Amino acid sequence: MNLILPKIDLPDLLQSWRKKFTVFLPQKLERFSHFMPLDDANAEILEQPHNTRIPPKALFLPMTEALVKFTRFGTYDDAELEVSPRIVFGMRPCDAQAVQLLDTVFEQEQYTDPFWVKRQEKTIRIGLGCHVPCANGFCTTVGYGPFSKDGLDILLTDLGDSFLVEVLSESGKTLFENLHEASEELKNQAKEIQHKAHDAMPIAFETENLKEKIEQNFKSDYWDEVSRSCLGCGVCTFLCPTCFCFDIVDEVQRQERVRNWDSCMFRIYSLEASGHNPRPSRIERTRQRLSHKYAYWLDQIGLIGCTGCGRCVSYCPVGLDIRAMLRQAQSLPFEVSHAE
Amino acid sequence: MPDINALKLEAKRILREGIVDVVVGFKPGDSPLHPQPAFFRNEDEVEELIHNGLCKNNLANYLTRLPKQEKVGILVRGCENRSVNSLIVESQKERDDLYLIGIPCEGIIDWRRIVEQAGEHISMVEDNESEVTVHAPTGVNSYNRFDLLHESCQRCLHRNPVSADTLIGDPVANGSLELATQKVKNFESQDIEARYAFFQKEAERCIRCYACREACPSCYCTECFVDHNTPRWTESGATPAGMQGWHIVRAFHQSGRCTSCGACERACPMDIKMTYLTEKLNHDMREKYNFECGMDAETKPPFQTVTLDDKNRFFVGGGK
Amino acid sequence: MTAKAKIALFQCRWCLFSPADQEWVDTQLPENIHLTKTPCTGKINPLYLLNAIQGGADGIMISGCLPEQCHFKTGNLAARRQLEEFNDFLHYIGYEKERVHFLWLDLQDRGIIQKELAAFEAELEAMGSTQHLATRVMRAEGGENA
Ligand code: SF4
Ligand code: SF4
Ligand code: SF4
Ligand code: SF4
Ligand code: SF4
């Protein structure tokens, strides 16, 4: 279904959704944009060219959440989670794709994360395609694109005065009841915009055989070279829409067992109780980060675990660029692995 | 701007003559906005060396990360030189194992300001004395250099290296104490509600990525207090208590150890301008103890020195 | 303030020279005062204060020895430098300075600590409680950082 939504109608539409939903949309916070719930004031609909600083994964996996409440008398209760129905408006395709990837982590047959599932079930995801591709993103390189539909209930294409609304799921249908079907002409216009955006994104590096190269050069000096200036902070992982590691901590004073975001780039991430650290330096940690995204994800679900959002590229405090690192990895030696 | 050829010559010379094992400097990144810290181990590698206003890291940070026994040559601006001194005072490196190539500094450009002005797609940035020329698809534009600087650099007091072995370029005019302390004074002049509201707003935007810690040359603890869990010094998560505790104590650990380089706030992905905290401590160290971190390689910071002259102050702020 | 002001008392174990005073502190302290004894004021980490404040203490009293009377010679001097600065720093970010009270005792002093605690309590009760920095609470889902 392809509908047309004139931009002037958007503020009212967003407000009308608020009767039944909490509507999250990117709003300006300091010098960047951030998903925040829409309130009474007619929120400014940002002409935000690109991604929010914090990826929308935070709406499904909060930075910190309580799992269990306990008392010092030995009683404990599972934390209750109430989620009201929500709409996330204006997700970029790379981020929606990332949430879809994370589904495979949190919704496995044997292991399902009840909090994740609950938040997912209650959320309608409205995506906004990127008609002006961003400078540091590289979604097309990793097999996705500025108008990818994966993980979205609705995809919007900016046509200037209006949006083309592509309804992709049942739950998306009800939101746009009174809109007219788009004319062929507008549909074609949208297609053209989408193609143009896709073509405007340069290929940042080749992905062919990258997995093999990364895996076969586990001990290579390459890892030392690319990690030399790395500080070992949490920027590239915390801002990454597909990074999902967490740490479970008992906050004794608050009497809560909480789950916090964690990062494989931290020293204590892999530190064992004995004092031994199997990833003793930033070399091994950088290797882990890259290998997880570009090799282990492929083993597990056959997809690259990076959607090319470009956040790690933009905000690494020392300017380490995953694109350059992988381009360099392409020159590593490798042997074609024999099919089993 | 330093003469890049003179820099390269000096870097090559100290490598060639075996004065150092490695030279720490910068090399170009994929984007002109993000040069990277780099480590040069032979003369050929030095060809890549660059140094300009977008080189945003405090290189002294790497002194505690390189192998202890190595002799290190390092490019230092005013703040970096002071950080090096501070590390020497704290016995993290021997002065004899260091060779400091000093660069009088005109201030570091905030790449985010460039992006705000000219968009993301920047192909080239020309950095001149007073103007920065930015090449973007939308056109070529020049901006006043001072306006693009990081706040910490706009108010910088000591722009010239204080103890370099060699200086490349002519010394520049140092900043004024008045400008340097203005931020703290303005903040102090607000009432207590406003101050707390600001602190709260800033601290609670934190995602606890610890980039501020990792970017700071003074934060070299093997185990930081936030990573410690027996006892747990502060809440571990992104909770108000945890975030506020982190901001208070990280800053406080820099009392008398901070050189106002601003590397912490440049590293922050959430645009938290946390130097208003450390600047307060620096201000107090100056006022109470006449101490400025890193001005030489001998004087210990106030919290490491105690004297009976303090006696009279025991009655200030409480007590008998 | 309806309930009594909550005071966190950090006491150097040497500063109360009179056994009677120490015994009073050890056994008679009112419920609203929480005692932490340290081997020296030099052992008091600013994080102890922060923890007490975040956990809801209305005020903090630090009791130690005067200069030249420290059991470890200079522990109190080091503590004074750090803790005074910490207090100034907390004040800077919006915490009332009067909520942290230093009590430096002389070897000759007798019965001072009871009086000081009572006076401090009265002062705190007059000030009322504060929400500033008392933050050990969970944030709501969908909050700013959610
Ligand atoms: S690795 Fe970097 S580019 Fe890829 S999804 Fe994560 S943050 Fe985005
Ligand atoms: S953001 Fe950069 S410096 Fe920080 S851990 Fe990642 S690669 Fe290293
Ligand atoms: S606290 Fe910030 S300004 Fe101070 S030395 Fe560290 S990085 Fe530089
Ligand atoms: S914040 Fe404090 S404990 Fe942590 S690394 Fe810095 S100085 Fe060390
Ligand atoms: S760099 Fe910024 S977001 Fe990260 S821990 Fe420091 S203050 Fe928090």
Side-chain angles (χ1 to χ4, degrees), chain A residues 29-32 34 49-50 53-54 58 62-66 132-137 204 225 228-239 247 249-254 256 258-263 265-268 271 281-282 310-311 313-321 323-324 327, chain B residues 24 26-31 33-39 54-57 61-62 65 111-113 115-116 119-122 201-202 205-215 222-224 226-229 231-232 235-239 241-243 263-264 266-273:
Chain A
L29 178 68
E30 301 302 314
R31 290 157 87 185
F32 51 89
H34 187 62
H50 298 302
R53 188 71 55 90
I54 304 247
M63 255 173 255
T64 294
E65 68 182 327
V132 187
C134 53
N136 293 333
E225 274 166 48
R228 234 174 257 161
S229 61
C230 170
L231 298 173
C233 65
V235 173
C236 53
T237 44
F238 281 4
L239 296 194
D247 184 23
V249 178
D250 284 350
E251 292 287 3
V252 180
Q253 287 155 319
R254 303 162 57 94
E256 266 175 358
V258 298
R259 159 159 81 179
N260 300 323
W261 283 4
D262 201 357
S263 163
M265 301 307 284
F266 289 158
R267 183 189 71 94
I268 56 161
L271 184 66
S281 74
R282 281 173 283 275
R311 287 186 180 87
V313 178
S314 304
Y315 300 107
C316 171
V318 293
L320 280 173
D321 187 330
R323 300 171 300 184
R327 212 176 300 133
Chain B
V24 186
F26 288 93
K27 68 176 185 193
D30 249 29
S31 149
L33 297 181
H34 301 294
Q36 286 175 24
F39 307 88
L54 283 156
C55 297
K56 58 182 176 287
N57 309 97
N61 193 16
Y62 291 102
R65 293 166 183 252
W111 65 269
R112 289 171 165 117
R113 292 193 182 186
V115 170
E116 273 165 10
E120 284 178 16
H121 299 261
I122 309 286
K201 173 169 124 312
E202 293 294 292
R205 195 161 76 238
C206 175
I207 59 172
R208 303 196 66 171
C209 67
Y210 306 134
C212 47
R213 169 184 84 189
E214 300 301 335
T222 315
E223 181 160 307
C224 177
V226 281
D227 292 343
H228 203 285
N229 55 11
R232 187 171 286 295
E235 277 181 21
S236 59
T239 54
M243 294 186 284
C264 46
R266 285 195 290 279
C268 181
M270 299 303 287
D271 297 2
I272 299 171
K273 297 267 183 261

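Since the structure is predicted, the reported quantities are computational estimates derived from the model, not experimental observations. Just so we're on the same page: letters track the sequence lines, and every chain starts at 1.
C236(A) does not touch chain B: none of its heavy atoms, backbone or side chain, sits under 4.5 Å away. Contacts of R311(A) with chain B are absent, with no heavy-atom separation under 4.5 Å from either backbone or side chain. For E116(B), the part lying under 4.5 angstrom from a heavy atom of chain A is the side chain only. Proximity to chain A (any heavy atom under 4.5 Å) is restricted, for N61(B), to the side chain, taken from C-beta onward. Looking at R267(A), only its side chain comes within 4.5 Å of chain B, counting heavy atoms on both sides. If you measure heavy-atom distances from V235(A) to chain B, the contacts under 4.5 Å come from both the backbone and the side chain. At a 4.5 Å heavy-atom cutoff, the contact between D227(B) and chain A is made by backbone and side-chain atoms alike. With a threshold of 4.5 angstrom between heavy atoms, Y62(B) approaches chain A through side-chain atoms but not through N, CA, C or O.
Most heavy-atom pairs under 4.5 Å with chain A: of the set L33(B), I272(B), T222(B), this distinction falls to T222(B). Of all the listed residues (R228(A), Q253(A), R31(A)), the one sharing the greatest number of non-hydrogen pairs under 4.5 Å with chain B is R31(A). Among G319(A), G234(A), S229(A), the residue with the largest count of heavy-atom pairs under 4.5 Å with chain B is S229(A).
For the pair F32(A) and D271(B), the tightest heavy-atom approach, listed with the atom from each and the gap, is CD2-OD2, 3.8 Å. Between D30(B) and A324(A) the shortest heavy-atom distance is OD1-CB, 3.8 Å. Between Q36(B) and L320(A), the closest heavy-atom pair is OE1-CD2, 3.9 Å. Closest heavy-atom contact between E120(B) and C134(A): OE1-CB, 3.3 Å. The minimum heavy-atom distance between L239(A) and P269(B), with the atom names listed, is CD1-CB, 3.9 Å.
Going from atom CZ of R232(B) over to atom CG of D250(A) covers 9.0 Å, rounded to the nearest 0.5 Å. Atom CZ of R213(B) and atom CG of L231(A) lie 11.0 Å apart (nearest 0.5 Å). Atom CH2 of W111(B) sits about 5.5 Å away from atom OG of S314(A), to the nearest 0.5 Å. Atom CZ of R205(B) and atom CG of L29(A) lie 5.5 Å apart (nearest 0.5 Å). The SG atom of C209(B) sits 6.5 Å away from the CZ atom of F266(A) when rounded to the nearest 0.5 Å. Put simply, CZ on R65(B) and OG on S281(A) are 11.5 Å apart, with the number rounded to the nearest 0.5 Å.
Using modelled atom types, no side-chain atom of E214(B) and backbone atom of C233(A) make a donor-acceptor pair closer than 3.5 Å. Under the 3.5 Å distance criterion, the side-chain polar atoms of R208(B) are left unmatched by any main-chain donor or acceptor of W261(A).
Using a 4.5 Å heavy-atom threshold, the side chains of M270(B) and I54(A) count as touching. E235(B) places none of its side-chain heavy atoms less than 4.5 Å from the side chain of T64(A).
Every side chain to side chain donor-acceptor pair (under 3.5 Å) that S236(B) has, sequence neighbours left out, goes to E251(A), N260(A).
With respect to the salt-bridge test (charged N to carboxylate O, under 4.0 angstrom), the residues E30(A) and K273(B) do not qualify.
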